[in-house]
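One structure is given here, and the rest of the page talks about it.
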Amino acid sequence: MPANTGAPLGAHKNLETELVVLGAGPGGYTAAFRAADLGKRVVLVDSAGPLGGVCLNHGCIPSKTLLHTAKVIREAGALDGVHFDKPRLDIDAIRAGKDRVIARMTRGLSALARQRGVTVVQGYGRFTSVNSLEVAGPDSSSTIVFANAIIACGSSPVRIPGVPEDPRVMDSTSALELPQIPRRLLIVGGGIIGLEMAQIYDALGARITIVERMEQLLPGADADLVLPLAKRLAARYERICLGTQMHFVSAGADGLRVRLEGKAGATEETYDRILIAVGRRPNGGNIGAEAAGVQVDARGFIAVDAQMRTNVSHIFAIGDVVGEPMLAHKATHEARVAAGVICGQDMHFDARTIPSVAYTDPEIAWMGLTEIEAARRSIAYEKFTLPWQASGRAVSCGSADGLTKLLIDPVSRRILGAGIVGASAGDLIAEAVLALEMDADPGDLALAIHPHPTYSETLAMAAELAEGTITDMLPPKRVRG
Ligand code: NAD
């Protein structure tokens, strides 16, 4: 057995290890690092050179870098009494800045792997038996014999049948490469990726059309949270087509021709580029799982129990491949459970909620019960909404269209859910997550002193609404007193 030196593939052909982790995204590297810290010999396998998976290399981090650029451009243009020239955009420099952020983060991960003695193997891994994995690397292949495995192989963008392979048709990965800023961009899918990419390309000068087959942008989020964003986008974008399907017509020198079919009828349009953002599908079908006896369903998901164990007791799975929501913070939490269980700890995945965030402008974040879910499951709740006009900080900073709401159990008075739309909503929602995990009631939030003037006060004020103690607005009649 070679030493765990973190050396790249090519240095060794065969490895034997206590734990192999397949996939080095946020789930995979967290599992590998945690298990190494708990004393296991760990091999981490990924087909890409840099660690960090889609999130770090082609997803969360590059999109946040570009969204920051987009936000600064928008905010600079909206400052009262300050007039900047129209921004001059150097796409090559913007791209290079984003790539520097990725490189800095991936270098950090490689250093952490080295310091922990985690062996990193670059190559595409497939199971060949219940305790072996074949890894086809760029230069050679190797066999890894393992006692335990964690599958963290993630997901890939869904493609739309009939849309051809054309460099002008992008998915989130190619769109984040910023190949070029098109004059007219069609985004198919008004979910989180579609909306985040729309904000980036809009700020960089493209005219945006969004096609969403459902009747609302971000169909998983409550309508009141989406409304402030939808209003801002409607004022800026060329078209937002809800309840609409896109059919590809042809690819020509002048652009990509599509037919958009909605309730109002059908139109044909030509776009310079198209971004497909209609969801992601799990990669469970591509890893030779059958050779290990691991069951994969028809869609590519791998079922696990609360300890993240597959039907094969020494093989675990985490992250996008085990089910929705496909979110990095779910994967890292599951990673800690799987690594802990493998290392003999008594752990289960028992989080009460997995928060969701759309890093749009304004940001939208929610956790716990949504009103959509409450209606679907006939759950009774009381709703308390604090409009951000009541927040001095929000009004000062051009965020008066935001809101913070709490959903409360009418009997126990416990917090059931929360939603926020406005600046930093993704950061603010963490307090509500803690409140839910701690079984807090609105009084706990209202009586904790929140710094003034901050956006965080809006959560305390929504709680004061529920308590009937609010002074920055009139309290609701039925709870005033
Ligand atoms: P999504 O499921 O969030 O949104 C896809 C959207 O496309 C939906 O609104 C759906 O109704 C629509 N759609 C599907 N087929 C369509 C069609 N043929 N025509 C028009 N519209 C269609 O998926 P996504 O935005 O692609 O994101 C993929 C995954 O990645 C999700 O699980 C998401 O949560 C995750 N992700 C999360 C973040 C974040 O946390 N900020 C960011 C990016 C991606």
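Both counts, for ligands and for their atoms, begin at 1 and track the order of listing. Along the sequence shown, residues are numbered consecutively beginning with 1. Atom set for the values below is all heavy atoms of this structure, side chains included, hydrogens, waters and symmetry mates excluded.
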Between [X] (side chain only) and [Y] (backbone N and O only), is there a donor and an acceptor less than 3.5 Å apart?
{"X": "Asp171", "Y": "Ile276", "result": "no"}
{"X": "His329", "Y": "Pro355", "result": "yes"}
{"X": "Arg168", "Y": "Ile274", "result": "no"}
{"X": "Gln199", "Y": "Asp361", "result": "yes"}

Task: Neighbouring protein residues of ligand 1 - any heavy atom closer than 4.0 Å - done: Val188, Gly189, Gly191, Ile192, Ile193, Glu196, Val211, Glu212, Arg213, Met214, Pro219, Gln245, Ala277, Val278, Gly279, Arg280, Glu324, Met326, Leu327, Val357, Tyr359
TODO: Assign the ring pair Phe349 / His333 to parallel, tilted or perpendicular, where the plane angle (0 to 90°) is split at 30° and 60°.
DONE: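 The rings of Phe349 and His333 stand perpendicular, inter-plane angle above 60°.
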Open item on the list: If the condition is ring pair (Phe, Tyr, Trp, His ring centres under 6.0 Å), which residues does Phe316 pass it with, not counting sequence neighbours?
Closed with: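 Phe316 satisfies ring pair (Phe, Tyr, Trp, His ring centres under 6.0 Å) with no residue once adjacent residues are dropped.
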